[in-house]
Chemist: 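I'd like to ask some things about the structure below.
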Amino acid sequence: MPSPWMEQLNESQREVVAHGQGPLIVVAGAGTGKTLTIAGRVAHLIEGGVAPERILLLTFTRRAAREMLSRAARLTQRPTPGNVWGGTFHAVANRLLRAYGRPLGIQPDFTVMDQADAADLMNLIREELGLSERERRFPRKDTLAAVYSRTVNAGRRLAEVVEADFPWCREEVDGIRSVFRRYARRKREHNVLDYDDLLLYWRALAAGQGLGSRLTRLFDHVLVDEYQDTNTLQADILSHLCGPTGNITVVGDDAQAIYSFRSATVRNILEFPQRYAGARIVRLEQNYRSTRPILAAANAVIELSPERHVKTLWSERPGDRSPLLMTCLDEADQSDAVCRRVLEHRERGVPLHGQAVLFRAAHHSDLLEIELARRNIPFVKYGGLKFLEAAHVKDAVALLRILENPFDAVSWFRTLQLIDGVGPAAARRLVEWLGVRRGDAPVPPGPSPVLRLLAPGTPGPPSPPDVRSQLEALGAALADCAGEGVPPAAQVERIRRFLAPVFERTYSHPAERLRDLEQLEQLASRSPSRARFITDLTLDPPSSTGDLAGPPSLDEDYLILSTIHSAKGLEWDVVHVIHAADGMIPSDMATGGPEEIEEERRLLYVALTRARNDLYVYFPLRYYRRPRGHEDAHSYAQLSRFLIPATVRSRFESRVAPLAEELIDEPLQDEDQLSSAGHRAVEMSLARLWEG
DNA sequence: CATTTATAAATTTTT
DNA sequence: TTTATAAATG
């Protein structure tokens, strides 16, 4: 009995929605109505009588989950689709482990560390083991965290991973192994899980170590979005959850696989039919998003990929405008060109939020941001948000974590060093003295022993009097926050008061840093509890500058800036892709092997396929080298190698910005001319700062 | 001996 | 702008 709303679907989409029992794989090209189709399937399942709380919808971001569930709600005309389990793998694991983790030795009040925290702990251990002071240099903390995460997520042997992905560390495998051993033990002692643990323990749970049988039967239907970007560990979890003939629906597109750095592997999608025998395969190939010329350009890019992408996207949307490849003189010229185009489109009726500027790395938009601010064009930036990485924010969060989990030694270690006169060595002694270690013993009831020790009036470890008084100030702040019924925002406020003098002493621009803590307070005011706040902060961190701006002013229009990674799954009427130069796309950091380069190609493909009506690709001819050289040292860029082949170029209309034209007409022979062109460009950009 | 200060170097993408 | 290493200071 098909519901009336199914009329709006095409045949393949309907097939997905109406699929009954058993495994299903949907190969959904870009813009083929994937969101609607998944939402439709959820709606259909619920209308067919499946209990919402027995449906699990795994998505790549929380935002995607919200979007799909609200669309499902609209389709079913019910207020909400009940309690469908929706979210990222990590968020769902978090919920499950708090409820069912005990048999695995997990205390339900565990805290979650992000990758930066993990790196800090690795660093601590690295020093403890004396690996940092040897004649040969040992991998640094971020490298260690990356190696660990890759090994765990890919389920490969350490030596193998190091050899393949970190060959320069190959001599240090033994040391790395010893760090990892202690790292794992330490996390357990401190009742802390990292991102990878969330998945590892979920797998253990699903595999039946604990109460697997109960958990396997927790869901009648599992749906997974962006399956091409899942890793081996995640695929394992799914297969434990569903069994080889279970009701699992995965949706993905191998042409859009862009997360191999997180150990994602396209093999998951390619081998799905083997893993789930008898799986039905449905392809969605009609693109509803882009005009034909745009799709033709995107197809031309991906066709050159040596890997097989067995589908051809087609579109019925006519369009008379080819995508434009805009050659600019330099970054400043590029920023100028983008601003002008953006405003042009706004004049013609496309609001700013209907347009996006996409780029490979977060800092690629730096210059553009300055120019936008100068022209009073509001914007919101997605991706690469360093808010939580900033030292001062981490300071505040560390205090919150201590309150939540007094055994979180990493947070203690960080916090204690805020005190004037306490460095790594003293902090370590203090942590020891405080007895920050849980082992397997349950937490004693009542106020934490740690807090009691810090409360004013209690004898402390031998230390200079000024350190004592600062410790007492810290204790007082913690005690105030730990009081009954203090809302999270008030706790952040109290922490801010404690940190104010610390920042004055430590940082050169304390006022700005304190302002960030006000934003943190804003954020906290939306959370019902401290525990929830901390967890949300690590599992669903603010993803855009807009998230931080407090209550959204809906009438305000703003341009979207986004990394290509963060733009996944989104679409805009007008898309501007900047920095289409070799070294940017593909990134210089990713030219190690053919596989990495292919991923960069897919990245460009993802960027191009975000556009509905108009697509612009910008290429600056010249880059000025950054800080040191005081004279205008510059280098010439090559167009991205993915755009050079004739089959691709012919899909674009090429245009050269006036400033760049001169440069191309009089190429390279005359140094004077070059530098005069360079000076002219600088003068132009300076002139723009004072005039107009 | 531990901490602070100075100096140099590096800097993708994200749950 | 942050982070590792070296030298200087308490």
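Proteins come first, then strands; the chains are lettered A, B, ... in the order of their sequence lines, and each starts at number 1.
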Chemist: Nearest whole Å is fine: how far is B:dA10 P from A:M589 CE?
Modeler: 11 Å
Chemist: Round to the nearest Å and state the distance from A:F60 atom CZ to B:dT13 atom P.
Modeler: 15 Å
Chemist: Rounded to the nearest Å, what distance is computed from the CG atom of residue A:L430 to the C1' atom of nucleotide B:dT3?
Modeler: 14 Å
Chemist: From the set B:dT15, B:dA2, B:dT13, return the single nucleotide nearest to any side-chain atom of A:A361.
Modeler: B:dT13
Chemist: A:R429 CZ to B:dC1 P: how many Å, rounded?
Modeler: 13 Å
Chemist: Please tabulate the protein-to-nucleotide N/O contacts below 3.5 Å involving nucleotides 1-4 of chain C, giving atom names and distances.
Modeler:
from  : atom 1 : to     : atom 2 : distance (Å)
C:dT2 : OP2    : A:R513 : NH2    : 3.3

Chemist: May I have the distance from A:D588 (atom CG) to B:dA10 (atom P), rounded to whole angstrom?
Modeler: 15 Å
Chemist: Does the distance from a Lys or Arg side-chain N to an Asp or Glu carboxylate O, for A:D165 and A:R156, drop under 4.0 Å?
Modeler: yes
Chemist: Consider only side-chain N and O atoms of A:K381 and A:S365, and report whether a donor and an acceptor are under 3.5 Å apart.
Modeler: yes
Chemist: Does A:S566 use its side chain to pair, donor to acceptor, with the backbone of A:S562 at less than 3.5 Å?
Modeler: no
Chemist: Please figure out whether A:A590 or A:A426 has its closest DNA chain B nucleotide nearer the 5' end.
Modeler: A:A426
Chemist: Keeping A:Q334 on the side-chain end and A:H579 on the backbone end, is there a donor-acceptor pair under 3.5 Å?
Modeler: yes
Chemist: Can you find a side-chain donor-acceptor pair between A:D109 and A:N405 that sits under 3.5 Å?
Modeler: no
Chemist: Rounded to the nearest Å, what distance is computed from the CD atom of residue A:E226 to the C1' atom of nucleotide B:dT13?
Modeler: 15 Å
Chemist: Between A:L199 (CG) and B:dT15 (P), how many Å, whole number?
Modeler: 13 Å
Chemist: Any side-chain N or O of A:T563 under 4.0 Å from OP1/OP2 of B:dT12?
Modeler: no
Chemist: With a 4.0 Å cut-off, would you call A:E512 and A:R515 a salt bridge?
Modeler: no
Chemist: Check A:D120 with A:K394, please: is the shortest side-chain N to carboxylate O separation under 4.0 Å?
Modeler: yes
Chemist: Starting at the 5' end of DNA chain B and moving along, which residue's nearest nucleotide shows up first, A:T61 or A:A425?
Modeler: A:A425
Chemist: Determine if A:Y259 stacks with B:dT13; use a centre-to-centre distance below 5.5 Å and an interplanar angle below 30° as the criteria.
Modeler: no
Chemist: So what does A:D420 hit on the nucleic acid, given a heavy-atom distance under 4.0 Å: a base, only sugar-phosphate, or nothing?
Modeler: sugar-phosphate
